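I have placed the structure first, in the form of structure tokens, so that the comments after it can refer back to it.
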Amino acid sequence: MDASIVMDPRLLAVAQRTKGFMPDDEGLALHRAGRRAAGTGLGPLLEVGTYCGKSSVYLGAAAREEDSVLFTVDHHRGSEENQAGWEHHDTSLVDPETGRMDTLPTFRRTMVDSGLEDVVVAVLGDSATVAKYWTTPLSLLFIDGGHGSEPAWADYRAWVPLVAIGGRLAIHDVFPDPADGGRPPFELYSRALESGSFLEEEACGSLRVLIRTAEGE
Ligand code: SAH
Ligand code: MG
């Protein structure tokens, strides 16, 4: 889909060398969705779950190319699955002074490397708390924050109503087969489709991109 949308190779190289959880093909699909969304002029792009800024480079490139911006929301303390003892823990992302995860310095370096500092706006805090005070409609919402049931549904309830009609809802780590990964992202995706307010536009790996066709979710 959209073979005509090509990502700046220099930004692609930065995205590829940035730590994170976004395979190349899914990142490129996200970039294309970001381009289509930002091109509508319906509003900015917003990502929940920045981590070290890997997906932010894909979406930030799209925002740059369409003269839009990306807001990226994270408390930078890591999800449950990033904490010590869990599968996705990375000791190099622990602040030695506090002993807590801190991905903010790495994210900042990614933004300097990519030259996207003027296009990608970091929002530091709890996602649902930010959403509570957020009113600007979004041309694209990308949900990739906490993957447990509670944080994932909190993001859905808080942010999905802000997707404009004609805007995109992208969800990462959607695994129809439970053997491949956790359930909550798949449940969010299923709920969005069953609500009748969204239609599927694209699927790539565990990335799903939906378009809002009606209010109501
Ligand atoms: N999109 C990233 C991966 C995100 S990992 C990539 O491309 O690599 C999930 C991120 O969600 C973590 O950085 C974690 O700190 C953040 N997160 C989890 N729960 C959150 C919450 N309630 N509020 C804000 N950020 C949260
Ligand atoms: Mg993910």
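The model shown is predicted, which means the values in this text are computed figures rather than measured ones. The residues of the chain are indexed from 1 along the displayed sequence.
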Taking the side chain as everything from C-beta on, heavy atoms only, tell me whether [X] gets closer than 4.5 Å to [Y].
X: T50; Y: T103; answer: no
X: L141; Y: D155; answer: no
X: Y156; Y: E187; answer: no
X: I165; Y: E215; answer: yes
X: E80; Y: P151; answer: no
X: L28; Y: I5; answer: no
X: H89; Y: M101; answer: yes

Single-linkage hydrophobic cluster [X]~[Y], side-chain heavy atoms < 4.5 angstrom:
X: M22; Y: V57; result: yes
X: L104; Y: V120; result: yes
X: W153; Y: V73; result: yes
X: V48; Y: V130; result: yes

Ignoring hydrogens, what is the shortest heavy-atom contact between [X] and [Y]? Give both atom names and the distance.
X: T136; Y: L162; value: O-CD2, 4.1 Å
X: R64; Y: V119; value: NH2-CG2, 3.1 Å
X: G49; Y: S55; value: O-OG, 4.1 Å
X: L45; Y: A37; value: CD2-CB, 4.1 Å
X: S139; Y: L42; value: CB-CB, 4.0 Å
X: G34; Y: L59; value: CA-CD2, 4.1 Å

**Study point:** Derivation and outcome, side chain to side chain contact (heavy atoms under 4.5 Å, CB included), residues V209 and E201
**Key:** CA-CA 6 Å; V209 181; E201 181 185 37; 3.4 Å; yes

Spatial distance of atom [atom1] ([X]) from atom [atom2] ([Y]) [nearest 0.5 Å]:
X: D95; Y: H76; atom1: CG; atom2: NE2; answer: 13.5 Å
X: F198; Y: I211; atom1: CZ; atom2: CD1; answer: 10.0 Å
X: H147; Y: L188; atom1: NE2; atom2: CG; answer: 10.0 Å
X: L124; Y: H75; atom1: CG; atom2: NE2; answer: 9.5 Å
X: M111; Y: T106; atom1: CE; atom2: OG1; answer: 11.5 Å
X: C52; Y: L93; atom1: SG; atom2: CG; answer: 4.5 Å

Between the side chain of [X] and the main-chain N/O of [Y], is any donor-acceptor distance below 3.5 Å?
X: E47; Y: G145; answer: no
X: S206; Y: D173; answer: yes
X: N82; Y: S79; answer: yes

**OP:** May I have the step-by-step check of side chain to side chain contact (heavy atoms under 4.5 Å, CB included) for L138 and W159, ending in yes or no?
**Re:** CA-CA 9 Å; L138 304 172; W159 287 108; 4.2 Å; yes

Partner of E202 under salt bridge (Lys or Arg N to Asp or Glu O under 4.0 Å), picked from R208, R36, R168, is R36

Applied to residues 42-70, the ring pair (Phe, Tyr, Trp, His ring centres under 6.0 Å) test, sequence neighbours excluded, yields F21-Y51

**Report entry** Aromatic plane relationship, F186 with Y189 - under 30° parallel, 30 to 60° tilted, over 60° perpendicular
**Finding:** tilted

Can you classify the ring geometry of F71 versus W134 as parallel (below 30°), tilted (30 to 60°) or perpendicular (above 60°)? perpendicular

Practice problem: Could you give me the CA-CA distance, side-chain angles and deciding distance for L30 and H172, then say whether side chain to side chain contact (heavy atoms under 4.5 Å, CB included) is met? | Solution: CA-CA 10 Å; L30 187 62; H172 199 224; over 6 Å; no

Listing, residues 8-15 side-chain donor-acceptor contacts under 3.5 Å, not counting sequence neighbours, or none:
residue	atom	partner	partner atom	Å
D8	OD1	R10	N	2.9
R10	NH2	S114	O	3.2

Take a 6.0 Å sphere around CD of E117 and say whether it holds more than 12 heavy atoms from other residues, nucleotides or ligands. yes

Would you indicate whether D67, at its atom CG, is surrounded by more than 12 heavy atoms from other residues, nucleotides or ligands within a distance under 6.0 Å? no

Review point. Is it true that R212 and E217 make a salt bridge, defined as a side-chain N closer than 4.0 Å to a carboxylate O?
Key: no

| request: Could you give me the CA-CA distance, side-chain angles and deciding distance for K54 and T110, then say whether side chain to side chain contact (heavy atoms under 4.5 Å, CB included) is met? | output: CA-CA 8 Å; K54 193 178 184 72; T110 304; over 6 Å; no

